[in-house]
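Data block below; observations after.
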Amino acid sequence: MPRIKAGPARTLTYLTLMAMAFFSALPLYYSVVVASRDNSALADVPPPLVPGGNLVANIGRVFDTVPFALALLNSVLVAGGIAISVMFFSTLAGFAFAKLRFRGGRILLVITVATMMVPTQLGIIPLYLLMVKLEWTGTMYALIVPALTNAFGVFFMTQYLSRALPTELLEAGRVDGCSTWGLFWHVVLPAARPAAAVLGMLTFMQAWNDYFWPLVVLTPENPTVQVALSTLAAGYVSDYALSLAGTALGTLPLVIVFALLGKQVIGGIMQGAVKG
C-alpha cells in the first residue's frame, strides 16, 4: 500500500482537529478562570482570560456552603455502581440475545428496545411511590437499584457481540467442556471488553450528570454533585465564581474516568471501524 504523502489535505485535517480540541477545552478552561477570581471580576472589560489567585479560597467556600465532599462521595458510589452493573448485566443479556437460541428471544429484544421510546419522566411518580413504600427515599438505593440495567446497554452489547464474537469460538469452548457460565466468563467478557468500556464511560457520565431524579428522591442534606451545584447557583444574586469552582471540582471525576478508560474506548472505536 503506498504511503499517503503529506500535503494540504493532511495539514487541513490537523488544523481542524486542533481547532476542535481548542473549542472543546475552552469552556472548561474559562470555568477555571472564573472559579479562580471573585464575582466582581466578571464585570471587567475586557473579561479576564488568565486564572487569578482566588481558586483555593473559592473551593473552600464551596465546601463551607454545601456538603460537597458528601456529594462527591455519593456521586462516585452511585455512578460507579450503576456503570459496573450496567456493563455486567448488559453484556450478560447481550450474550444471551446475540448467541443463545431460546424461545421468544427476538420478541424479548424488541420489547426491551421499545422501552427506550418511553420518556423517563412518565415513570417518575410511580417510581417515587415505590421508593416511599420500600422506605428508600433519601438513600442511595433509590438511585442505584432502578438503574442497575438499561435497554440501551442491552441493545448496544447485543449488536456488538453478534458481530465481534465468532460462533465457532463458542462451539470450540463447548467442545472443551465449558459451561454457558464458563463461556461467559472466559470467552465473552474478554471479547466484550472494548465495547463494555465505552458503555461504562457513557453510563458513568449519564449517572453523574443526572439531576432530576436525585433532586426528587434525595434530601438536601444528602445530595449528589448536580443537586449540590444547583444549590450553589441558587440565590437572588448568582455567585458565578462559587458555582464554577464547584463545577470544576465536579468535572474532575469525569476527566479521571476518561483517562482510565480512554485507551479501551479508542480501541473499541477503532475495532468497530475496522470491522465495519
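Predicted model, so just to flag it, every value in this text is computed and none were measured.
Summarising the geometry, atom CZ belonging to F156 is positioned 9.5 Å from atom OG1 belonging to T203; distances are rounded to the nearest 0.5 Å. Taken from CG in L143 to CE in M131, the straight-line distance is 9.5 Å, to the nearest 0.5 Å. For the atom pair CG of L183 and CG of L169, the computed distance is 8.5 Å after rounding to the nearest 0.5 Å. In this structure, CG on L73 lies 9.0 Å from CE on M140, to the nearest 0.5 angstrom. Interatomic distance, S162 OG to M157 CE, rounded to the nearest 0.5 Å: 10.5 Å. Note: N150 CG to L202 CG = 10.0 Å, rounded to the nearest 0.5 Å.
Considering every non-hydrogen atom in both A151 and T115, the closest pair reads CB-OG1, 3.4 Å. When all heavy atoms of L232 and S243 are compared, the pair lying nearest together is O-OG, 3.6 Å. In plain terms, the two heavy atoms of P194 and A191 that are nearest each other are CD-O, 3.7 Å. Heavy atoms only, all atoms of each residue included: P67 and E221 are closest at CG-O, 4.3 Å. Y160 and A192 make their closest contact through CE2-CA, 4.0 Å (heavy atoms, listed as atom of the first residue, atom of the second, distance). The heavy-atom pair separating W213 from I124 by the smallest distance is CE3-CD1, 3.7 Å.
Between Y30 and L244 there is no side-chain heavy-atom pair separated by less than 4.5 Å. In this structure, the side chains of Q226 and N209 come closer than 4.5 Å at one or more pairs of heavy atoms. The closest side-chain heavy-atom distance from F68 to L229 is below 4.5 Å. Residues L252 and L72 are not in side-chain contact: their nearest non-hydrogen atoms beyond the backbone lie 4.5 Å or more apart.
By the rule that hydrophobic residues join a cluster once side-chain heavy atoms approach within less than 4.5 Å of another member, Y240 and V32 end up as members of separate clusters. The hydrophobic clustering, which links ILVMFWY residues whose side-chain heavy atoms are closer than 4.5 Å, places L28 and M205 apart. Hydrophobic clustering (ILVMFWY, side-chain heavy atoms < 4.5 Å, transitive): Y211 and L218 are in distinct clusters. Cluster membership check: V188 shares its hydrophobic cluster with W185, using side-chain heavy-atom separations under 4.5 Å among Ile, Leu, Val, Met, Phe, Trp and Tyr. F152 and F212 fall within the same hydrophobic cluster, where Ile, Leu, Val, Met, Phe, Trp and Tyr residues are linked whenever their side-chain heavy atoms come under 4.5 Å apart, directly or through other members.
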What donor-acceptor contacts under 3.5 angstrom involve side-chain atoms of residues 47-66, with partners at least two apart or in another chain?
unit_1: N58; atom_1: OD1; unit_2: R61; atom_2: NH2; d: 3.1
unit_1: N58; atom_1: ND2; unit_2: A35; atom_2: O; d: 2.5
unit_1: N58; atom_1: ND2; unit_2: R37; atom_2: O; d: 3.0
unit_1: N58; atom_1: ND2; unit_2: N54; atom_2: O; d: 3.2
unit_1: R61; atom_1: NH1; unit_2: D239; atom_2: OD2; d: 2.9
unit_1: R61; atom_1: NH2; unit_2: D239; atom_2: OD2; d: 3.2
unit_1: T65; atom_1: OG1; unit_2: R61; atom_2: O; d: 2.6

Which donor-acceptor pairs under 3.5 Å do the side chains of residues 74-102 make with protein atoms, sequence neighbours left out?
unit_1: N74; atom_1: ND2; unit_2: L70; atom_2: O; d: 3.3
unit_1: N74; atom_1: ND2; unit_2: N222; atom_2: OD1; d: 2.9
unit_1: N74; atom_1: ND2; unit_2: P223; atom_2: O; d: 2.9
unit_1: S75; atom_1: OG; unit_2: A71; atom_2: O; d: 3.2
unit_1: S75; atom_1: OG; unit_2: V225; atom_2: N; d: 2.9
unit_1: S85; atom_1: OG; unit_2: L148; atom_2: O; d: 2.6
unit_1: S90; atom_1: OG; unit_2: V86; atom_2: O; d: 2.7
unit_1: T91; atom_1: OG1; unit_2: M87; atom_2: O; d: 2.6
unit_1: K99; atom_1: NZ; unit_2: L165; atom_2: O; d: 2.8
unit_1: K99; atom_1: NZ; unit_2: T167; atom_2: OG1; d: 3.2

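A perpendicular orientation is assigned to the rings of F184 and W181, their planes being inclined by more than 60° (bins at 30° and 60°).
In terms of the side-chain hydrogen bond (donor to acceptor under 3.5 Å, both in side chains) criterion, residue partners of T180 (sequence neighbours excluded) are, by chain and number, R174. Remark: P190 pairs with R193 by the side-chain contact (heavy atoms from CB on, under 4.5 Å) rule, at least two apart or across chains.
Pairs engaging residues 130-149 under the ring-ring contact (aromatic ring centres under 6.0 Å, His included) rule: W136-Y141 [sequence neighbours left out].
Residue-environment remark: CD1 (I125) stays at or below the threshold of 12 foreign heavy atoms within 6.0 Å.
Other residues sharing a hydrophobic cluster with I107 under the 4.5 Å side-chain heavy-atom criterion for ILVMFWY residues are I111.
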